[in-house]
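Per chain, numbering begins at 1; letters A, B, ... match sequence-line order. Just so you know, these numbers come straight off a predicted model, no measurement behind them.
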Amino acid sequence: MNFIVAGAVKAVKELYGQDIAEDVINLQETRKEFEGQVTIVVFPVVRFSKKSPEETGNDIGTFLQQNVAEVVGFNVVKGFLNLSIAESYWVNLFNDTLLASDFLMAKPNGQKVMVEYSSPNTNKPLHLGHVRNNLLGYSVSELLKADGYEVIKTNLVNDRGIHICKSMLAWQKWGNGETPESTGLKGDKLVGNYYVVFDKEYKKEINALVADGQTEEEAKKNAPLIKEAQQMLLQWEQGDAAVVGLWEKMNGWVYSGFDVTYKKLGVDFDKYYYESNTYLLGKDTIEEGLAKGVFFKKEDGSVWIDLTADGLDQKLVLRSDGTSVYITQDLGTAQMKYDDFKMDKSIYVVGNEQDYHFKVLFLILEKLGKSWAKGLYHLSYGMVDLPSGKMKSREGTVVDADDLIAEMVDTAKQKTEELGKTNDFTEAEKTELYDTIGLGALKYFLLKVEPKKRLLFDPAESIDFQGNTGPFIQYTHARIKSLLSRAAYQFAQADYANIQLTSTELDMIMLLAKYPTEISNAAKAYSPAFIANYLYEVAKLFNKFYHEVPPIIKEEDTAVKQHRLNICKITADVIKSGMTILGIRVPERM
RNA sequence: GCCUCCAUAGCUCAGCUGGAUAGAGCACCGGUUUUCUAAACCGUAGGUCACAGGUUCGAAUCCUGUUGGGGGUACCA
């Protein structure tokens, strides 16, 4: 649409003798109720024309109609100049751009980006909050690929620390040698159970101590169990063979459990980092910061940074005993990741409870003069809340990832069987279809919401399969595919000599043409939700088109038939491409 | 206390680089199947865009304040 902007700039020059910048010409789609396809908002031009909005609109409209071949008509409503663009323009756009073989291909931009997501603790199974993280991380990775980046997906596994020692200790004390094999439980579930056991027993001890007259705070510190867990962590750090052995065994269980969930979710990683390897990193960075005067040392030996000038607080970066805190290792890990990959950008997909942490982290790296610090971005997303409030693993008020997935697949199965759509499917085809639909519904449900917004999930109300949902879009795709195969579709450009586009067809072409722009906007905002909402519009408009036109298969005019099948084909391609970005598979039939 | 994010229909969400009469889905009510898949389509109803000011030709959108809610503010991660 650049030619319209250029034409309008020229119009202002010739009509009013004024040079204006291109951004004065504000283009938008013409609203449905008015004639035309493209609208120029004339208010910003008024101060150059020194005429009323209506007169200005008429002047420019007349000029464009006379001087720009594609502009075949115009009307002015209040301050809005609505332009009618020649049908041949849209037909050419459709044939030359949308039907071109590279329409859906990513154009490499030569940049490398790392996306870190998932990053689970290895002491408990994944829940709905983690599911949101995983789907977001995966989808943003796909989105950035589609926008031309080379993407490295990483998972920084939080595999050490007091939380794992809690599970280990509880298993040692009360586990009776249980294993995933002996119980039939997934490894992460088994380990998670002992995390809950620990918490229960710990609370008992606290209550007993409080009854003995200690304050709750004291009791929390003095309970024998927590002391034992801390002792275990110390032994782990010293490399105690028995503790490390147990740690490896239980982490192994958890990993095999996670692998099952990851596979089910369809997410993967190019590179794993383990905190057990990175937790000592960052001390070099502390030295570097001290030398550069970015950090300062207090009398007790602790190291700090003063960020009060930046509107933040003083922040501890190294304990007085010389050991690391959270941010110490994150500083070191950031350096290591950069050294490993030299990426242009690095995205951290982490919940919004850590907004402050990342703000500080990035600011410190900038102050240390790291050239790559400006490429760091915290993709902060809102928590998933239940009607009862926040999910808490320790208290068992979580929606378990595996359970939820199983439930969704089961619902998909039920609904599909009710509709009697899979009577001629093989068992394998059925299994795959139910999986595709169930996960499609779940993923779309989570991804259609803007990442930073918190999300309410009510387990009592099942996720919809109708309306603005994954299955609706999947259905639209399946319907098109079946139509194309029944029509024995062959790709070819249609002959438009005698074709008059319907207004819905015109709308379809305009909407489909926006796909590449949608991708780049979504990528800039790191928001798969843009894609989800766009795909919904595409599917909705297609269904309208589908109902409006007579059966395409029976169409006798071969040019019209080819043209409509082409629209179907591009629609299916765009849906498939967009859904792939969301990590959602689309069935050929359903 | 301070910092930060959020507030749009009964519910779940779009719309936010300022543009025309604020849009969807669900739920509710009504209609469409001898024609390519009714997980679809068409229609009715539903709004003080939390509140109050300000900037502007024009504000759901930008600014300030207020209210309500989430999160953060640890020598935890």
Side-chain donor-acceptor pair present, A:Arg479, A:Asn543, cut-off under 3.5 Å:
yes
Does a donor on one side chain sit under 3.5 Å from an acceptor on the other, for A:Ser380 and A:Asp355?
yes
Round to a whole Å and report the spacing from CZ of A:Phe445 to P of B:rC13.
7 Å
Atom C1', compared across B:rA40 and B:rC3: separation rounded to whole Å
49 Å
May I ask you to check whether A:Asn277 and A:Tyr272 show a side-chain donor-acceptor distance below 3.5 Å?
no
What parts of residues 30-48 of chain A reach RNA chain B, counting only heavy atoms under 4.0 Å away?
A:Arg31, A:Phe34, A:Thr39, A:Val41, A:Phe43, A:Pro44
B:rA39 OP1/OP2 closer than 4.0 Å to side-chain N/O of A:Lys421
yes
I want to check one thing: is the phosphate of B:rG58, taken as OP1 and OP2, less than 4.0 Å away from some side-chain N or O of A:Lys78?
no
Using Watson-Crick or G-U wobble geometry with both distances under 3.5 Å, which nucleotide pairs with B:rU64?
B:rA52
Does a side chain donor of either A:Asn566 or A:Gln562 reach within less than 3.5 Å of an acceptor in the other side chain?
yes
Below 4.0 Å: OP1/OP2 of B:rA14 and any side-chain N or O of A:Lys448:
no
Please tell me if A:Lys453 has a side-chain N or O lying less than 4.0 Å from either OP1 or OP2 of B:rA14.
yes
Close approaches to RNA chain B from residues 552-571 of chain A, in residue order (heavy atom, under 4.0 Å):
A:Ile552, A:Ile553, A:Lys554
Atom pairs, N/O to N/O, protein against nucleotides 74-77 of chain B, distance under 3.5 Å?
residue: B:rC75; atom: O3'; partner: A:Arg319; partner atom: NE; Å: 3.2
residue: B:rC75; atom: O2; partner: A:Ser320; partner atom: N; Å: 3.3
residue: B:rC75; atom: O2; partner: A:Ser320; partner atom: OG; Å: 3.3
residue: B:rC75; atom: N3; partner: A:Ser320; partner atom: OG; Å: 3.0
residue: B:rC75; atom: N4; partner: A:Asp300; partner atom: OD2; Å: 2.2
residue: B:rC76; atom: OP2; partner: A:Arg319; partner atom: NE; Å: 2.8
residue: B:rC76; atom: OP2; partner: A:Arg319; partner atom: NH2; Å: 2.4
residue: B:rA77; atom: OP1; partner: A:Arg319; partner atom: NH2; Å: 3.2
residue: B:rA77; atom: OP2; partner: A:Tyr326; partner atom: N; Å: 3.0
residue: B:rA77; atom: O3'; partner: A:Glu275; partner atom: OE1; Å: 3.4
residue: B:rA77; atom: O3'; partner: A:Glu275; partner atom: OE2; Å: 3.3
residue: B:rA77; atom: O2'; partner: A:Asn158; partner atom: ND2; Å: 2.9

